[in-house]
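Before I ask anything, here is the structure I am working with.
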Amino acid sequence: MSLAKYIQRITLSTAVLATMSTFAIAAGSSPDLYADATKVVPVTELKFYQNKEGLTIANGWGDPAGGAHSNYIRMTGGTASGVHTHTDSYYGVVISGVVVNEPTAGAPERPLPAGSYWYQKGGEHHVTKCVSQTECLFFVTSKGGFDYLPAK
């Protein structure tokens, strides 16, 4: 196995483990979160919609408008959010495309290809970009709601 393939597998494995750890942390705040029956949702059945902030999202579990949740977010290739914050911290995992999530608009960009993840502290100004030419899809999870507060 080439070094590049090995690094790619380690990166993907790390992202999966980080996501699983995040679910465990989120589950700790609501013990009944996984008490329901097993649920399997193919990507072709995700129901994307635009929320009140204009984000294109599909719910995973919970309620992103009001509490602990996980959801998918799509961004068009070559687009960026404005500088903004969120009330609550969250973890993001890149599923497809290349995402950049930096604390300020002037920070050096660190591309996050599929399998990468980031942690975004609540209340911290940042910019999220889809720097690939193709659409970006990422999965976020949080103990709190997911709001979008443009910087003033």
- Message: Would you call the rings of Y91 and Y119 parallel, tilted or perpendicular, taking 30° and 60° as the class edges?
- Response: tilted
- Message: Is there a side-chain contact between L137 and F48 in this structure, where contact means two heavy atoms from C-beta onward sitting under 4.5 Å apart?
- Response: yes
- Pairs touching residues 48-87 that satisfy disulfide bond (SG atoms under 2.5 Å apart), sequence neighbours left out: none
- For G145 against H69, the heavy-atom pair lying closest together: C-CE1, 3.9 Å
- Task: Mind telling me whether W118 and Y90 have parallel, tilted or perpendicular rings, with 30° and 60° as the class edges?
- Result: perpendicular
- Note on the structure: Applied to residues 77-92, the salt bridge (charged side-chain N to carboxylate O under 4.0 Å, His left out) test, sequence neighbours excluded, yields none
- Message: Filter on disulfide bond (SG atoms under 2.5 Å apart), then keep only pairs touching residues 60-100, sequence neighbours left out; what's left?
- Response: none
- Under 4.5 Å between any side-chain heavy atoms of T128 and F138, yes or no? yes
- Query: So which pairs with a foot in residues 106-145 pass disulfide bond (SG atoms under 2.5 Å apart), sequence neighbours left out?
  - Reply: C130-C136
- Within-4.5 Å side-chain heavy-atom neighbours: Y49 and I57: yes
- Task: Give the minimum heavy-atom separation between G97 and V94, together with the two atoms involved.
- Result: O-CG1, 3.6 Å
- Task: Would you check if H86 and H126 make a side-chain contact, meaning some heavy-atom pair closer than 4.5 Å?
- Result: yes
- Task: Can you see which heavy atom on N71 is nearest to which on N59, and at what distance?
- Result: CB-CA, 4.0 Å
- Going by atom types only, do H125 and H84 share a side-chain donor-acceptor pair under 3.5 Å? no
- Within 6.0 Å of CD in Q133, more than 12 heavy atoms from elsewhere: no
- Residues A80 and V127: closest non-hydrogen pair is CB-CG1, 4.5 Å
- Message: Does any part of the side chain of N51, heavy atoms only, come nearer than 4.5 Å to the side chain of Y148, both counted from C-beta?
- Response: no
- Can you run down the disulfide bond (SG atoms under 2.5 Å apart) pairs that involve residues 62-91, sequence neighbours left out, and say none if there aren't any? none
- Indicate, with yes or no, if L112 and I73 share a hydrophobic cluster defined by side-chain heavy-atom contacts under 4.5 Å among Ile, Leu, Val, Met, Phe, Trp and Tyr. yes
- Task: Write out all pairs satisfying salt bridge (charged side-chain N to carboxylate O under 4.0 Å, His left out) with one or both partners inside residues 60-71, taking only residues at least two apart or from two chains.
- Result: none
